[in-house]
Amino acid sequence: TDMKDGIERVKQLQPKKFNFLSNPDKEIVDGFLAHEVKDLVPFSVLGDKDAVDKDGKPVMQTIDVSALIPVLTGAIKEAIAKIETLEAEVKALKG
């Protein structure tokens with residue numbers, strides 16, 4: 001079926017700026033927090049929030065950002081349709 005909720009899902013994504021603790025340079029990157037994305041695009045996230053291995057060390061979640069592309073594309077298509085409708089309405093009002 002066609003996606004109808006792309007814009008709503010994109011509006012709920014919360015991009016962040018952060019650094020990875022494992023990066024000694026503490027370089028700031030753009031990204032998402034996996035546990036926040038999991039609610040919106042569950043199959044894009046691997047792992048569980050706050051998971052630890054048998055030694056008690058954190059097992060970090062990962063995001064397959066390519067899985068976000070269909071949601072982003074759906075949102076863009078929905079936005080384009082709204083823009084085209086508004087353009088047609090403006091044209092009709094000006095005519």
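On a predicted model such as this, the values are computed, not experimentally measured, just so you know.
- At least one donor-acceptor pair closer than 3.5 Å links the side chain of Glu78 to the backbone N or O of Ile7.
- Closest of all the heavy-atom pairs between Leu40 and Gln12 is CD2-OE1, 3.4 Å.
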List the steps, then state whether side-chain contact (heavy atoms from CB on, under 4.5 Å) holds for Leu68 with Val37. CA-CA 9 Å; Leu68 299 178; Val37 173; 3.9 Å; yes

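- If you take CD on Glu89 and CD on Glu84, they are separated by 12.5 Å, rounding to the nearest 0.5 Å.
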Verify side-chain contact (heavy atoms from CB on, under 4.5 Å) between Val10 and Leu72, making sure each step is shown before the conclusion. CA-CA 7 Å; Val10 167; Leu72 299 174; 3.8 Å; yes

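- Taken to the nearest 0.5 Å, the CG atom of Leu21 stands 6.5 Å off from the CG atom of Asn19.
- Cluster annotation: Leu46 is not connected to Val59 through the hydrophobic network of ILVMFWY side chains, with a link wherever side-chain heavy atoms come within less than 4.5 Å.
- In this structure, Gln61 CD and Asp48 CG are separated by 6.5 Å, a value rounded to the nearest 0.5 Å.
- The environment of NZ in Lys91 is sparse: at most 12 heavy-atom neighbours from other residues, nucleotides or ligands sit within 6.0 Å.
- Closest of all the heavy-atom pairs between Pro70 and Ala67 is CD-O, 3.4 Å.
- The CE atom of Met3 sits 13.0 Å away from the CD atom of Glu8 when rounded to the nearest 0.5 Å.
- With sequence neighbours left out, Lys4 forms a salt bridge (Lys or Arg N to Asp or Glu O under 4.0 Å) with no residue at all.
- The structure places NZ of Lys17 at 8.0 Å from CD1 of Ile28, a figure rounded to the nearest 0.5 Å.
- Judged purely by atom type and a 3.5 angstrom limit, Lys57 has no side-chain atom pairing as donor or acceptor with the backbone of Val52.
- Annotation for Asn23 and Asp25: closest pair OD1-N, 2.8 Å, computed over non-hydrogen atoms.
- A distance-only check finds a donor-acceptor pair linking the side chain of Lys38 to the backbone of Gly47 [under 3.5 Å].
- Judged by distance alone, with hydrogens and angles left aside, the side-chain atoms of Asp53 form a donor-acceptor pair with the main-chain N or O of Asp55 at under 3.5 Å.
- Tracing side-chain contacts under 4.5 Å through hydrophobic residues (I, L, V, M, F, W, Y), one never reaches Val41 starting from Ile69; they form parts of separate clusters.
- With hydrophobic clusters built from ILVMFWY side chains whose heavy atoms lie under 4.5 angstrom apart, Val65 shares a cluster with Leu13.
- Applying the ring pair (Phe, Tyr, Trp, His ring centres under 6.0 Å) rule to pairs touching residues 16-63 yields Phe18-Phe20, sequence neighbours excluded.
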Could you please spell out the steps behind the side-chain contact (heavy atoms from CB on, under 4.5 Å) verdict for Lys16 and Leu33? CA-CA 7 Å; Lys16 308 282 190 212; Leu33 301 182; 3.9 Å; yes

